[in-house]
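Just so we're on the same page: letters track the sequence lines, and every chain starts at 1.
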Amino acid sequence: EAGVTQSPTHLIKTRGQQATLRCSPISGHTSVYWYQQALGLGLQFLLWYDEGEERNRGNFPPRFSGRQFPNYSSELNVNALELEDSALYLCASSPGRTGGTDTQYFGPGTRLTVL
Amino acid sequence: AQSVTQPDIHITVSEGASLELRCNYSYGATPYLFWYVQSPGQGLQLLLKYFSGDTLVQGIKGFEAEFKRSQSSFNLRKPSVHWSDAAEYFCAVVPNTNAGKSTFGDGTTLTVKP
């Protein structure tokens, strides 16, 4: 069974541009979570989608947004990129049957570098 | 708001020695508790989790963790460390409400000496 996949592996953008990151969950999982792992800031919860709806978001500005598609894959969009957005962005998926307390399975991440 | 503290930023142990990584949490009720491991350049892999019941939880790769309600702790242990255990370890809590909002500790980096 394939795990969580993320694309691209690496992404280089300049300040002010927009970045789009993609995540495919494990087959049968309906929940997708996004995290930012920035140097010195640890792993921070960004967004949780389940059944196509945004269920919760962390303390990030509105320029961090996303969506979940009918096939449960997800996109994270970061607008007006700032240097401090440089980080590893991790996606996780879960079966979604217990309202967000499921075990989460993580993808390998997308390394975003903002120049 | 919930919080997770991993007091040890970096731990070094010799191969074959025992290991304990500390995790303390702050939350109004007993949350769901997780330990993850992250190898360099990789995503996170779940080692074990505690939801309820037996407070000693067995995980993969020979790891175990003990939930102590009185100390708000969920320490990770391994009797004999292998060189391949060198990685970063994260403790995480999820509130037992429908929030889906995990809070992670800052991580503990484990170095294993030959």
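The distance from atom CG of Asn79(A) to atom CD of Gln18(A), rounded to the nearest 0.5 Å, is 4.5 Å.
For Leu43(A), the parts lying near chain B are the backbone and the side chain together; criterion is any non-hydrogen pair under 4.5 Å. Interface residue Gln37(A): only side-chain heavy atoms are found under 4.5 Å from chain B. Of the two parts of Leu88(A), only the side chain, counted from C-beta on, holds a non-hydrogen atom closer than 4.5 Å to a non-hydrogen atom of chain B. Contact of Arg111(A) with chain B is not made at all, since no heavy-atom distance falls under 4.5 Å. For chain A, no part of Gln45(B) is nearby; none of its heavy atoms comes within less than 4.5 Å. Contact of Leu46(B) with chain A is made through the side chain alone, with heavy-atom distances under 4.5 Å.
Side chains of Glu75(A) and Phe69(A) form a contact here, defined as non-hydrogen atoms less than 4.5 Å apart. For the pair Leu21(B)/Ile11(B), a side-chain contact is recorded, criterion being any heavy-atom separation below 4.5 Å from C-beta on. A heavy-atom distance below 4.5 Å is found between the side chains of Leu76(B) and Tyr89(B).
Remark: the Ser94(A) side chain and the Tyr33(A) side chain contain an N/O donor-acceptor pair separated by less than 3.5 Å.
With chain A as partner, the option from Ala92(B), Pro31(B), Gly107(B), Gly43(B) having the largest number of non-hydrogen pairs under 4.5 angstrom is Gly43(B).
Using cut-offs of 30° and 60° for the angle between ring planes, the Tyr35(A) and Phe106(A) rings count as tilted.
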